Amino acid sequence: MSSSQSFLESPPHSQASGRRRRSRFTHKQLHQLAQSTPHSPLRCIAHIDLDAFYAQCEGVRLGIPPETPLAVQQWQGLIAVNYPARAFGITRFLPLSEAYEKCPELVCQHVATWKEGEDSWAYREGAAKDIATSKVCLDPYRTESRKILACIKDALPPAPIQRVEKASIDEVFLDLSAQIHAILLERYPELNGPPPYDDPTENLPMPPTTALDWATDALVDLDGAETEDDDPDWDDIATLIGSEIVRDIRAAVYAKLKYTCSGGISKNKMLAKLGSGHKKPNAQTVIRNRAVQQFLSGFKFTKIRNLGGKLGDEVVTRFATDSISDLLTVSLDHLKKALGDETGSWLHSTIRGEDYSEVNPRTQIKSMLSAKSFRPAINTFEQASRWLRIFVADIFSRCVEEGVLENKRRPRTINIHHRQGQQTRSKQVPIPGGKQLSEELLFDSAKNLMAQVVVDGRAWPCSNLSLSVGGFEEGVSGNMGIGGFLVRGTQARSLLESERERSHGEGEDDHERPPAKRRKVDTGGIKGFLVTKEESSKGENGDQEHDGLFEAREPIHDDDNDYYEDMNNFDEDTATGETNLSPAGQRSPLSTPLPKHQQSLDSYFCTRCKSDIPLTEQAEHEDFHYAKDLAKQLQEEERDSTARTSAPKAKATPQASGGGKGKRGRPVGGGGPAGSGKTGTGTEKGQRRLAFGKG
DNA sequence: GTGGATGAG
DNA sequence: CGCTCATCCAC
């Protein structure tokens, strides 16, 4: 708040008095540093970013020398390219063939995969050809990410001083303020003394040094009016110490795990992040307060966090420029008028180097997702079900790593996302509590959700499917019996946890992002968002944004005709799962042969399909019929809604109460409900079973 | 709380 | 590109 004013005012005891000059900073501001107050003018934030992370992971795992050109492959594309390979002009998303043309010695490692019918993920020979039966697995990188995070934390002081935010799998933010405060007091005893007259608004003495040793850091040039001859103030010292800390951390990570990373050190998250990307690999960049404007003016504002998307595009078109320098000439009022008050003022301060968002000391994930794009699309519930089983195995194993089996954490909801053409839909239900979380439990819920998608209509062909769990709770017991209901919800959260949330609650997260109430305007094209509240007059279903993979198939907002159309399709689907519903006429490889591991198993005869169904398929096969029956039933209800009131029992949404699992009336066969099939899941450390067999 | 959407890596 | 993760908003 008012701290920025005193920050700019000339010190009370200035040179004019002939006495020793004093710092621009006050004792109070020094004290704020200890609390990691976001508005402290001495604040120091760092961003650390692993260099070509996935590529480094593979290099370390395989013991490949770091100078070797190395890329990580996912199907026919590259998802990570190390710096030696980049020197050959190899980039992300370059087709494999072109990459080899540019560098015949390139080492290409395919990502690990989950494969249908296999018990666990693995690095496999020729994985790229199994795109139809496998999904990629990022577990190896998560594991390495964890190790690195632990190493970084080890290199820092313990808990309250240390503030680490895991920003992604390969990035962290550090708030170094409190640690730097401690180091300042230690190194400069004169700072320990009480303020003159015990007045905290008194300015600090100047630092004793006149020339700072900036080591080998990439030091950003100063702003125009500044010169290197100017005496350093405490903010320069603080940044220098921050730079030392980051260098030590980087050295520790390399010494222990052999990963290189780049760093940015500055007064806030935005600048630190910009800094870490400034010079790579294996380098760090320091942006002193007095160099901020110089540094920033060299960037396009679309490089700034939150301006890389539609908002940034909007600003570009509004002001016909993408340069920060140009935008600096636009007045606050003008920005507000064009973008709305909040977004306007956010942008105004952001391009001036201001960002008071907090480093959120959080390293635990809040949700996890397992997904797959289908090429070609899949067309039956059974196919979807097989993928769901893989998703569940993936997610469950990650839940185990989160400590669900020890009741450390537990997800509250499960979510399915489904895509057909341009249309995406999602459904979610609470995960039934009370029981120990298990693959069966998740798989059952997932199938229920899928059935809901199916009965909603227009489910096929499905081009993308994903399953996620979220709403993780701390320390919730999943055991049956007394503990199960005694320990629940917020009561179970550790004091530490709630304490943390209280002090760093999301409430006062100052301008974490552009807070605009952006209103969705359905004009279709690239600018789906306006910042003002103008409504689009046209527009219900213009061209949807093309994503390059799928062309528009049909209008999105349609009426029930499409619903029936799709239901009819579904209805014609034969039980063998071979019917082809795709407009393009492809047949999914998944639908034809049964995986080998199922062929030899016992099967049962499905009277509706008039064919043998392996026992391992029984649960989902029955679900298949179940969803089909539901669909038919709903369709009839629709049709006869006016005439008949008696027939449809309110079975319409039996799954909605996901908790009553196994209660559903099964149309077929004596087989128990899907969930009741006990699979002796011997989850022996790290290895997880995919099989969902009946005991 | 649910479902859709943006944004970032 | 394909896959994760987080957050926000309208309902």
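In this text the structure is predicted, and so the values were computed from the model without any measurement. In what follows, every chain begins at residue 1, and chains take the letters A, B, ... in the order their sequences are listed.
- Across all strands shown, A:Gly77 has no heavy atoms under 4.0 Å from either base or sugar-phosphate atoms.
- Of the candidate nucleotides B:dA5, C:dT4, B:dG9, B:dG9 has the atom lying nearest to any side-chain atom of A:Glu171.
- Of all heavy-atom pairs between A:Ala384 and A:Trp460, the closest is CB-CH2, 4.0 Å.
- In this structure, A:Ser373 does not reach the C:dG2 phosphate: none of its side-chain N or O atoms is under 4.0 Å from OP1 or OP2.
- Residue A:Arg398 places at least one side-chain N or O under 4.0 Å from the OP1 or OP2 atom of C:dC5.
- Looking at heavy-atom distances under 4.0 Å, A:Ile416 makes no contact with the nucleic acid at all.
- Residue A:Glu314 contributes atom CD, which lies 11 Å from atom P of B:dG7 at whole-angstrom precision.
- Following rounding to the nearest Å, A:Ile169 (CD1) and C:dG2 (P) show an atom-to-atom distance of 19 Å.
- When all heavy atoms of A:Phe88 and A:Lys102 are compared, the closest pair comes out as CD2-O, 3.4 Å.
- Taking the six-membered ring where the residue is Trp, A:Trp387 and A:Phe391 present tilted rings, their angle falling between 30° and 60°.
- Note on A:Lys166: every side-chain N or O is 4.0 Å or more away from OP1 and OP2 of C:dA6.
- For C:dC5, the OP1/OP2 oxygens have a side-chain nitrogen or oxygen of A:Arg142 closer than 4.0 Å.
- Set against B:dG9, C:dT4, B:dG4, the side chain of A:Ser370 has C:dT4 as its closest nucleotide.
- Considering only side-chain N and O atoms, A:Arg375 lies under 4.0 angstrom from the phosphate OP1 or OP2 of C:dG2.
- One interatomic measurement links the two molecules: NE2 of A:His417 to P of B:dA5, which rounds to 11 Å at whole-angstrom precision.
- Atom CZ in A:Phe472 sits roughly 14 Å away from atom P in C:dT7 (whole-Å rounding).
- Out of B:dA8, C:dC3, B:dT2, the shortest distance to the side chain of A:Thr413 is found at B:dT2.
- Looking at heavy-atom distances under 4.0 Å, A:Asp170 makes contact with sugar-phosphate atoms alone, never a base.
- The neighbour count for A:Lys279 NZ, taken as heavy atoms of other residues, nucleotides or ligands under 6.0 Å away, does not exceed 12.
- Phosphate proximity of C:dT4 to A:Lys135: present, with a side-chain N or O under 4.0 Å from OP1 or OP2.
- If you measure from atom CD of A:Gln422 to atom C1' of B:dG4, you get 15 Å, rounded to the nearest angstrom.
- Between B:dA5 and A:Thr424, a contact under 4.0 Å exists linking OP1 or OP2 to a side-chain N or O.
- The phosphate of C:dG2 has neither OP1 nor OP2 within less than 4.0 Å of any side-chain N or O from A:Gln74.
- With rounding to whole Å, A:Lys366 atom NZ is found 12 Å from C:dC8 atom C1'.
- One finds no side-chain N or O of A:Lys310 lying less than 4.0 angstrom from the OP1 or OP2 phosphate oxygen of B:dA5.
- In this structure, A:Ser367 reaches the C:dA6 phosphate: one of its side-chain N or O atoms is under 4.0 Å from OP1 or OP2.
- Note on A:Ser468: nothing from the nucleic acid sits closer than 4.0 angstrom, heavy atoms only.
- Going from atom OH of A:Tyr141 over to atom P of C:dG2 covers 17 Å, rounded to whole Å.
- Looking at A:Gln56 and A:Tyr141, their side chains never bring a donor and an acceptor atom within 3.5 Å of each other.
- Set against C:dT7, C:dG2, B:dG3, the side chain of A:Arg92 has C:dG2 as its closest nucleotide.
- Here the side chain of A:Asn82 pairs a donor or acceptor atom with the backbone of A:Leu70 at under 3.5 angstrom.
- Annotation: of the two residues near DNA chain B, A:Arg425 and A:Gly309, the 5′-most nearest-nucleotide partner is A:Arg425.
- Between the CG atom of A:Leu467 and the P atom of B:dG3 there is a distance of 14 Å, rounded to whole Å.
- In this structure, A:Ile365 reaches the sugar-phosphate backbone alone: every heavy-atom distance under 4.0 Å involves primed, P, OP1 or OP2 atoms, never a base.
- Contact check for A:Ser145 versus A:Lys166: side-chain heavy atoms found under the 4.5 Å cut-off.
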